[in-house]
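Working notes, beginning with the structure itself.
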Amino acid sequence: MTTFLGQDISSNLFSNSGFGRRDTVSTSSIHERFLNSNKIMVKPSTIAVKLLQKLVRQRVKYVDNLSSLDENWISGKSQLPDARTIEMMTAFIKSLCKIDQLSQSWHRKSKLLMSPLPSGGISAEIQHENFSLSLNIFNSGNIELEYEKDGYYDEVENLVQENFLQKTNDLICFLTQRS
């Protein structure tokens, strides 16, 4: 018996019409209500976009905090990423949300790994179901980009600061296409 303010309310649970009457609802009816409700149906691509957006916010914060590392942050000699390198990597990370093919296919198993480079710079690696991509931006201005898809490995040369973002995004668009 369920009571509220001293009164038995168990007979009123799930009632559509008020006191003393309990209506039964079949399991198939409940299942049908959930399947046909637009309010609770979420497109998988919406979830993927939100996952990537959340990850991008976290990684931007991580990259911004790299400037607070101590000099020689790793055992032995190491350099901090400089302001230009941090700015370029932040631009790259933020641009990932603007690539429709990537943001709509992002899932919980996809990864965006980041780390500072001891020689001075930042490394980012994307591990996606269709490809992997590694981007290293060095304080010296050098940019390395390597990728693998379907067992094919290659690296992109001659990336310069002025065009690396567009070339990298174009490559990601290509890589996210299904084989």
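Of all heavy-atom pairs spanning Gln161 and Gly141, the tightest one is NE2-CA, 3.3 Å. In plain terms, the two heavy atoms of Ser95 and Leu165 that are nearest each other are OG-CD1, 3.6 Å. When all heavy atoms of Glu71 and Ser78 are compared, the pair lying nearest together is OE2-O, 3.5 Å. For the pair Pro81 and Gly121, the tightest heavy-atom approach, listed with the atom from each and the gap, is CG-O, 3.6 Å. Closest non-hydrogen pair, Ser67 versus Leu80, comes out as O-CD1, 4.3 Å. Between Trp106 and Ala48 the shortest heavy-atom distance is O-CB, 2.9 Å.
Between Asp154 and Glu146, the closest side-chain pair of non-hydrogen atoms is not below 4.5 Å. Within the 4.5 Å cutoff, the side chain of His107 has heavy atoms near those of the Glu129 side chain. Looking at Ile172 and Phe92, their side chains come closer than 4.5 Å, going by heavy atoms from C-beta outward. Between Ile126 and Lys111, every side-chain heavy-atom pair lies at or beyond the 4.5 Å cut-off. You'll find the side chain of Pro116 reaches within 4.5 Å of the side chain of Trp73, heavy atoms only. Counting only heavy atoms from C-beta outward, the side chains of Pro118 and Gln79 never approach each other to under 4.5 Å.
No chain of hydrophobic side-chain contacts below 4.5 Å, direct or via other Ile, Leu, Val, Met, Phe, Trp or Tyr residues, connects Tyr153 to Leu175. With hydrophobic clusters built from ILVMFWY side chains whose heavy atoms lie under 4.5 angstrom apart, Leu171 shares a cluster with Ile143. Under a hydrophobic clustering in which Ile, Leu, Val, Met, Phe, Trp and Tyr are joined whenever their side-chain heavy atoms come within less than 4.5 Å, directly or via other members, Ile74 and Leu113 fall into different clusters. Hydrophobic clustering (side-chain heavy atoms under 4.5 Å, transitive across Ile, Leu, Val, Met, Phe, Trp, Tyr) keeps Leu117 apart from Ile86.
One distance of note links CZ of Phe131 with CZ of Phe174; it measures 11.0 Å at 0.5 Å rounding. For the atom pair Leu135 CG and Met88 CE, the distance stands at 8.0 Å (nearest 0.5 Å). Glu155 CD to Leu145 CG: the interatomic distance, rounded to the nearest 0.5 Å, is 9.0 Å. Note that CG of Leu55 and OG of Ser103 are 12.5 Å apart. Values are rounded to the nearest 0.5 Å. We find the CG-CZ distance between Leu159 and Phe164 to be 8.5 Å, quoted to the nearest 0.5 Å. Taking NZ from Lys61 and CG from Leu66, the interatomic distance works out to 13.0 Å, rounded to the nearest 0.5 Å.
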**OP:** Given side chain to side chain contact (heavy atoms under 4.5 Å, CB included), test Leu96 with Leu112 step by step and report yes or no.
**Re:** CA-CA 10 Å; Leu96 296 176; Leu112 175 57; 3.9 Å; yes

**OP:** Show the numbers, then the answer: is there a side chain to side chain contact (heavy atoms under 4.5 Å, CB included) between Ser119 and Phe138?
**Re:** CA-CA 8 Å; Ser119 59; Phe138 296 93; 3.7 Å; yes

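For the residue pair Thr85/Asp82, the side-chain donor-acceptor check at 3.5 Å is satisfied. Side-chain N/O atoms of Asn130 and Thr176 include no donor and acceptor closer than 3.5 Å.
Here the rule is side chain to side chain contact (heavy atoms under 4.5 Å, CB included) with Met114, and of Gln58, Glu125, Met89 only Met89 fits it.
Checking side-chain atoms of Asn163 against main-chain N and O of Val160 turns up a donor-acceptor pair under 3.5 Å.
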